[in-house]
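What follows is a set of notes on a single structure, which appears directly below.
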Amino acid sequence: MRKVSVFGATGSIGQNTLDLIARAPDGYDVVALTGGRNVAQLARDARAVGADIAVTAYEEELPVLRDALAGSGIAAAAGEAALIEAADRPADWIMSAIVGAAGLAPGFRALRHGTTLALANKESLVTAGPLLLAEGRAHGATILPVDSEHSAVFQALVGEDMAAVERIIITASGGGLRDWPVEALPDATVADAGAHPNWDMGQRITIDSASMFNKAMELIETKEFFGVRPDQIEAVVHPQSIIHALVGFRDGALMAHLGAPDMRHAIGYALHWPDRRHLPVARINLAELATLEFLAPCDTRYPALGIARAVMETGGRAGAVFNAAKEIALDGFLARRIGFMDMAGVVEATLDGISGRFRLTDAIDTLETVLETDHLARVEAEEQVKKMQGRK
Ligand code: NDP
């Protein structure tokens, strides 16, 4: 039986992963499930799938987790070290779906054991792409993309020669504010930006979708994961979210990946890879769809895309600074300290301001450098939020 672990099991990706695992109870031996504050859910899931161990990231939650698992025979543990120990437990397949920089260390650790890592945690590639891929190569591990766009590209590339790839196009729904006049965007509220037309996701990623900071992250992920040049990557607005990505080849052919907007497709593909198995996702009826639209993204409406291009060109530590700054900018927007369009201003000012502390082009060569860069960028970005707030 395949041994699997799910990091970030209580989140949106984690729950979808467990849904697929639970549909084939004889196929998987669940080793570790990890979560954060939602220990009740973590304990319920650990019992339901018969995990060996459940780990919460927070030490203070351990007594509650222990109580909830009492009598089950499932071990309980807590804290960062326990997450690393969970990544040391032998597993054939590990889902990396912890949100944020906290997901980096367990993912890196899992690669050391030559496992197959299904990578949902965007921050790993954006902040430390070259390092992560090198770690995977050094230990003979396999990294599979879980973001729907990158899974789509990965699927379109099966059996293809990368040398024949001319361009990669990832699609974007355009987010909840797609049809707003550009002049009205500075006044968009958290509620306005937090409503997504197609995907059912958490509040932060939904707002990142409206600002296209999510797509900006995905441009950087594309460059890192597939090893293409920034000028080979395009983003296009596709309001229906049916085509997730396209790969253009040197003979002019475009291979598109179509699928219902349901993360279980990309998760299921990674879970069963290299096989394709039945997945409980909606089937597309092309005649009912009738129209698929594509629009070039407007730079004024989506400044995040231009910033991502500059970050890709710079390389080095720029991705880690970008990621940290966009997190702090989003916190500022959620706390109503800055406006919707100020988020891009904060990220740009952080990338400019941080160059006094280190060179953006300096290589990311250890996990410690990533975490140090993340910390310094957060401090700088917080300064920029304060300045922006002062100007309001
Ligand atoms: P959620 O916020 O729904 O879940 C995050 C998970 O991480 C939860 O299990 C949470 O625990 C846990 N967690 C939170 N903080 C910590 C911490 N400090 N240490 C350890 N664990 C922690 O996120 P999503 O599932 O939406 O996303 C997970 C990752 O996948 C992100 O990087 C995201 O960008 C990426 N992604 C998400 C997509 C989506 O459709 N949602 C699509 C593609 C990529 P708890 O809830 O118990 O506190």
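The residues of the chain are indexed from 1 along the displayed sequence. Counting starts at 1 for both ligands and their atoms, following the listed order.
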What atoms in ligand 1 come closer than 4.0 Å to a heavy atom of [X]?
X      : result
Glu123 : 32 (O)
Ala102 : 17 (C), 18 (N), 19 (N)
Arg37  : 45 (P), 47 (O), 48 (O)
Ile205 : 37 (C), 38 (C)
Ala97  : 5 (C), 6 (C), 7 (O), 28 (C)

Region of [X] that comes within reach of ligand 1 [heavy atoms, distance under 4.0 Å]:
X      : answer
Lys122 : both
Ala57  : side chain
Ser12  : both
Val39  : neither
Gln41  : neither

> What do the steps show when you test Lys122 against Glu224 for salt bridge (charged side-chain N to carboxylate O under 4.0 Å, His left out), and what is the final call?
Replying inline: CA-CA 11 Å; Lys122 286 175 198 268; Glu224 300 299 354; over 6 Å; no

Can you find a side-chain donor-acceptor pair between [X] and [Y] that sits under 3.5 Å?
X      : Y      : answer
Arg337 : Gln389 : yes
Arg47  : Ser72  : no
Glu166 : Gln232 : no

>> Any heavy atom of Phe7 closer to ligand 1 than 4.0 angstrom?
In response: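 No.
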
> Are the aromatic rings of His238 and Phe294 close, with centres under 6.0 Å apart?
Replying inline: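 Between Phe294 and His238, which both carry aromatic rings, the centre distance is below 6.0 Å.
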
>> For Phe213 together with Phe322, are the ring centres under 6.0 Å from each other?
In response: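 Judged by ring-centre distance (under 6.0 Å), Phe322 and Phe213 do meet the cut-off.
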
>> Does ligand 1 come near enough to Gly100 that some N or O of the ligand is less than 3.5 Å from an N or O of the residue?
In response: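 Min N/O separation from ligand 1 is not below 3.5 Å for Gly100.
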
> Are any of the N or O atoms of Leu83 closer than 3.5 Å to those of ligand 1?
Replying inline: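 Checking ligand 1 against Leu83, no N or O pair falls under 3.5 Å apart.
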
>> Can you confirm if the NZ or CZ of Arg276 lies within 45° of the ring axis of Tyr269 and under 6.0 Å from the centre of its six-membered ring?
In response: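 No - Arg276 does not lie over the ring of Tyr269 by the 6.0 Å and 45° rule.
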
>> Please check: side-chain N/O of Glu313 versus main-chain N/O of Ala310, any donor-acceptor pairing under 3.5 Å?
In response: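 Not at all, since once roles are kept as given, no pair shorter than 3.5 Å links the two residues.
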
> Apart from Val99 itself, what residues make up its hydrophobic cluster, given side-chain heavy atom links below 4.5 Å?
Replying inline: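 Via sub-4.5 Å side-chain contacts, Val99 links to none.
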
> When you measure from atom 46 (O) of ligand 1 to each heavy atom in Val6, Val99, Thr10, which option holds the nearest one?
Replying inline: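 Closest candidate by heavy-atom distance is Thr10.
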
